[in-house]
Amino acid sequence: MRIDLHAHSNASDGTDSPAELVAAAVAAGLDVVALTDHDTVAGHAEAAEALSGTGLTLVPGAELSCHTDGVSLHLLAYLFDPAEPAFAAERELVRTDRFRRARLIVERCRELGAPIDWAQVERIAGRGSVGRPHIASALVEAGVVPTVSDAFTAEWLANGGRADVRKHETDPVTAVRLVRAAGGVPVFAHPGAAKRGDTVSDEVIAELAAAGLAALEVDHMDHDEPTRARLRGLAAELGLLTTGSSDYHGARKTVRLGEHTTDPAVYEALVAQATGARPLTG
Ligand code: AMP
Ligand code: ZN
Ligand code: FE
Ligand code: FE
């Protein structure tokens with residue numbers, strides 16, 4: 001069983017449509033893929049429809065933007081009821097604020113001399129939950145930086161960078177409770193991804209564990225070996241499961257689907273905790 005529990009479609013900042021993502025998962029030899037777009041479930045229906053005849057299992061999910069003590073972090077949520085009103089309202093709040101903030105980031109970029117504009121970012125983002133990677137693609141198109149990841153520096157879009165503007169992000173303890181109340185299973189995404197900015201303390205992770213966190217995403221491209229070892233130790237201490245996933249973004253990142261995977265027993269344990277939705281098999 002090859003299980004990848006973190007992938008983005010163009011419903012957020014990936015470049016594959018949900019149907020293309022399903023096809024890519026089959027081509028990568030995956031048995032299970034989770035669709036975890038930022039703050040949205042907009043890709044679920046198309047992905048589910050594309051499953052037919054593939055034998056692939058889809059875990060519907062999302063990746064919620066959170067913030068505490070000046071640190072931004074991401075919470076993966078699996079198998080929640082997408083219609084549960086409190087969590088749905090929170091996702092909507094984050095998505096709406098993404099538009100306000102993206103316009104301001106584009107303004108800052110222009111003031112800093114980058115020849116990009118809002119129409120261009122709208123075209124790149126399409127129907128997707130708009131974010132910095134779309135603006136990074138605009139900066140690449142304009143010849144300001146060579147690659148998307150080169151836009152995530154202090155000069156441009158990195159956390160606290162010259163053109164960075166904050167968006168509304170949910171308190172993570174609140175987020176863990178919202179996910180559980182919607183029948184879902186919350187997993188801390190890339191908790192040690194230090195190159196993206198500050199990371200939260202072990203004390204915060206302990207608080208999230210007490211609030212109902214199920215697992216830490218340990219095997220992730222942004223974690224080096226010492227970080228993985230430290231996170232495995234912390235998970236064991238706190239009684240948390242550990243997952244591995246690619247965080248695939250199509251052409252917007254270099255990571256391949258299935259580059260990191262989750263142990264089948266861990267996957268079964270996560271599914272057993274969910275009451276909001278079931279995995280779908282084509
Ligand atoms: P946003 O959701 O708009 O705040 O943008 C955050 C997203 O930008 C993350 O989910 C990543 O996909 C991407 N990102 C953050 N830091 C980097 C980085 N250093 N290199 C490439 N992509 C990044
Ligand atoms: Zn992303
Ligand atoms: Fe993330
Ligand atoms: Fe992600």
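None of the values given here were measured: they were computed from a predicted structure. Note that ligands are numbered from 1 as they come in the structure, with each ligand's atoms numbered from 1 the same way.
- Applying the side-chain hydrogen bond (donor to acceptor under 3.5 Å, both in side chains) rule to pairs touching residues 261-277 yields R180-Q273, sequence neighbours excluded.
- Both cation-pi conditions hold for R91 and F87: the charged atom is under 6.0 angstrom from the six-membered ring centre and inside a 45 degree cone around its axis.
- In terms of protein heavy atoms, atom 11 (C) of ligand 1 is closest to K253 NZ, 3.5 Å.
- In this structure D247 satisfies the salt bridge (Lys or Arg N to Asp or Glu O under 4.0 Å) test together with R196, sequence neighbours excluded.
- Atoms of the protein (N, O or S only) found under 2.8 Å from the Fe ion (ligand 4) are H6 NE2, H8 NE2, E63 OE1, D247 OD1.
- In terms of the salt bridge (Lys or Arg N to Asp or Glu O under 4.0 Å) criterion, E107 has no residue partners (sequence neighbours excluded).
- Here D13 has side-chain heavy atoms under 4.0 Å from ligand 1, and that is the only part of it that gets that close.
- Remark: the backbone N or O of R2 is paired with a side-chain donor or acceptor of D31 at under 3.5 angstrom.
- When only non-hydrogen protein atoms are considered, atom 21 (C) of ligand 1 lies nearest to F152 CD1, 3.6 Å.
- Among the backbone and side-chain atoms of D247, no N/O/S atom is found under 2.8 Å from the Zn ion (ligand 2).
- Under a 3.5 Å cut-off, the side chain of R228 and the backbone N or O of D219 do not form any donor-acceptor pair.
- Panel note: side chain E46, backbone G43; no donor-acceptor pair is recorded below 3.5 Å.
- The nearest N, O or S atom of H38 is closer to the Zn ion (ligand 2) than 2.8 Å.
- Scanning the protein heavy atoms around atom 9 (C) of ligand 1, the nearest turns out to be R196 NH1, 3.7 Å.
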